[in-house]
Engineer: 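I'd like to ask you about the structure that follows.
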Amino acid sequence: QVQLVESGGGLVQPGGSLRLSCAASGIIFSIYNMAWYRQAPGKQREFVARLTSTSNINYADFVKDRFFISRDNAENAVYLQMDSLKPEDTARYYCYASYMGINNYWGQGTQVTVSS
């Protein structure tokens, strides 16, 4: 049984910070590429950040220098540190695990709301 469980979302004011966590079980975590996506109401789900099993990192342009992805293989967890949050960052954030583009899993998401 595979599970990806996100946590750390919530309501924050513009300019604030949050750290999202994703705990994985049921997979050999160290060989999986891990990523974060987000989806706002009425919009398409979009890529945020990726950290591969070989430590390569990619970020979407709109989060560069604000968001930082990391992983802890010993804890089977991936994190997204979000700083300088903007109202347009409001979305549900999803954890994604992929191996060879064949075995792919999604978490249920955690809500992030940035508002005064």
Engineer: Rounded to the nearest 0.5 Å, what separation is found between the OG atom of Ser25 and the OH atom of Tyr105?
Structural biologist: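 Separation between the atoms: 11.0 Å.
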Engineer: Tell me whether Gln81 contacts the main-chain N or O of Phe68 through its side chain, where contact means a donor paired with an acceptor under 3.5 Å.
Structural biologist: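 Not at all, since once roles are kept as given, no pair shorter than 3.5 Å links the two residues.
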Engineer: Between the main-chain N or O of Ala40 and the side-chain N or O of Arg45, is there a donor-acceptor pair closer than 3.5 Å?
Structural biologist: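 No, because the side chain of Arg45 does not come within donor-acceptor range (under 3.5 Å) of the backbone of Ala40.
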Engineer: So do Pro87 and Ser115 actually touch side chain to side chain, heavy atoms under 4.5 Å?
Structural biologist: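 No - every pair of side-chain heavy atoms lies 4.5 Å or more apart.
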Engineer: Should Gln111 and Thr90 count as side-chain neighbours, where that means a heavy-atom distance under 4.5 Å?
Structural biologist: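 Yes. Closest side-chain heavy atoms under 4.5 Å.
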Engineer: Hydrophobic cluster membership, with links at side-chain heavy-atom distances under 4.5 Å among I/L/V/M/F/W/Y: are Leu85 and Trp36 in one?
Structural biologist: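 Yes, same cluster.
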Engineer: Among pairs that include at least one residue of residues 24-38, which meet salt bridge (charged side-chain N to carboxylate O under 4.0 Å, His left out), considering only residues two or more places apart or in two chains?
Structural biologist: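 Those involving residues 24-38 are Arg38-Glu46, Arg38-Asp89.
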Engineer: Which is it for Ile69 and Tyr59 under the side chain to side chain contact (heavy atoms under 4.5 Å, CB included) test, yes or no, and what are the steps along the way?
Structural biologist: CA-CA 9 Å; Ile69 190 170; Tyr59 294 105; 3.7 Å; yes
Engineer: With distance as the sole test, does Arg71 use its side chain to make a donor-acceptor pair with the main-chain N or O of Phe29 at under 3.5 Å?
Structural biologist: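 It does hold such a pair.
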Engineer: Taking a hydrophobic cluster as the set of Ile, Leu, Val, Met, Phe, Trp and Tyr residues connected by side-chain heavy atoms closer than 4.5 Å, whether directly or through intermediates, do Leu20 and Phe47 fall within one such cluster?
Structural biologist: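 No: no chain of side-chain contacts under 4.5 Å links Leu20 to Phe47.
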Engineer: Does atom CD1 (Ile28) have a neighbourhood of more than 12 heavy atoms from anything else shown, all under 6.0 Å?
Structural biologist: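 It does not: Ile28 CD1 has 12 such atoms or fewer within range.
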Engineer: I need the minimum non-hydrogen distance between Asp83 and Ser17, along with the two atoms involved.
Structural biologist: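 Closest heavy-atom pair between Asp83 and Ser17: OD1-OG, 2.9 Å.
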Engineer: Taking the side chain from Glu6 and the backbone from Gln108, do they hold a donor-acceptor pair closer than 3.5 Å?
Structural biologist: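 Present.
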Engineer: Testing the 3.5 Å rule here: is there a donor-acceptor pair between the side chains of Asn104 and Ser98?
Structural biologist: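 The answer is yes; a qualifying pair exists.
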Engineer: For Tyr99 together with Tyr32, are the ring centres under 6.0 Å from each other?
Structural biologist: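 Distance test on ring centres: under 6.0 Å, yes.
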Engineer: Can you name the nearest heavy-atom pair linking Ile27 to Ala24, along with the distance?
Structural biologist: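 Shortest heavy-atom separation between Ile27 and Ala24 comes out as CD1-CB, 4.1 Å.
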Engineer: If hydrophobic clusters are built by linking Ile, Leu, Val, Met, Phe, Trp and Tyr wherever their side-chain heavy atoms come under 4.5 Å apart, do Phe67 and Phe62 end up in the same one?
Structural biologist: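 Linked within one cluster.
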Engineer: Taking all non-hydrogen atoms of both residues into account, name the closest pair between Cys95 and Val78 and its distance.
Structural biologist: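 Minimum heavy-atom separation between Cys95 and Val78: SG-CG1, 3.8 Å.
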Engineer: Please step through side chain to side chain contact (heavy atoms under 4.5 Å, CB included) for the pair Leu18 and Val112, ending with a clear verdict.
Structural biologist: CA-CA 9 Å; Leu18 287 172; Val112 172; 3.9 Å; yes
Engineer: Please identify each residue that fulfils side-chain contact (heavy atoms from CB on, under 4.5 Å) with Thr52, with sequence neighbours left out.
Structural biologist: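 For Thr52 the side-chain contact (heavy atoms from CB on, under 4.5 Å) partners, ignoring immediate neighbours, are Asn33, Arg50, Thr54, Asn56.
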Engineer: Output yes when a side-chain donor or acceptor of Thr110 lies under 3.5 Å from a complementary backbone atom of Gly9, and no otherwise.
Structural biologist: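 Checking the backbone N and O of Gly9 against the side chain of Thr110, a donor-acceptor pair under 3.5 Å is found.
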Engineer: Checking ring pair (Phe, Tyr, Trp, His ring centres under 6.0 Å) for the pair Tyr37/Tyr94: CA distance, chi angles, key distance, verdict?
Structural biologist: CA-CA 5 Å; Tyr37 288 74; Tyr94 296 89; 8.9 Å; no
Engineer: Look up atom CE in Met34 and atom CG in Asn76, then write down how far apart they are to the nearest 0.5 Å.
Structural biologist: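 Nearest 0.5 Å value for the CE-CG distance: 9.0 Å.
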Engineer: When you look at Ser116 and Gln13, which way does the side chain to side chain contact (heavy atoms under 4.5 Å, CB included) test go after all the steps?
Structural biologist: CA-CA 5 Å; Ser116 298; Gln13 295 184 346; 5.5 Å; no
Engineer: What about Leu4 and Tyr93, same hydrophobic cluster or not, with Ile/Leu/Val/Met/Phe/Trp/Tyr joined at side-chain heavy-atom distances under 4.5 Å?
Structural biologist: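 Yes.
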Engineer: Quick one: do Leu80 and Trp106 end up in the same hydrophobic cluster if we chain Ile, Leu, Val, Met, Phe, Trp and Tyr together by side-chain heavy atoms under 4.5 Å apart?
Structural biologist: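 In one cluster: no.
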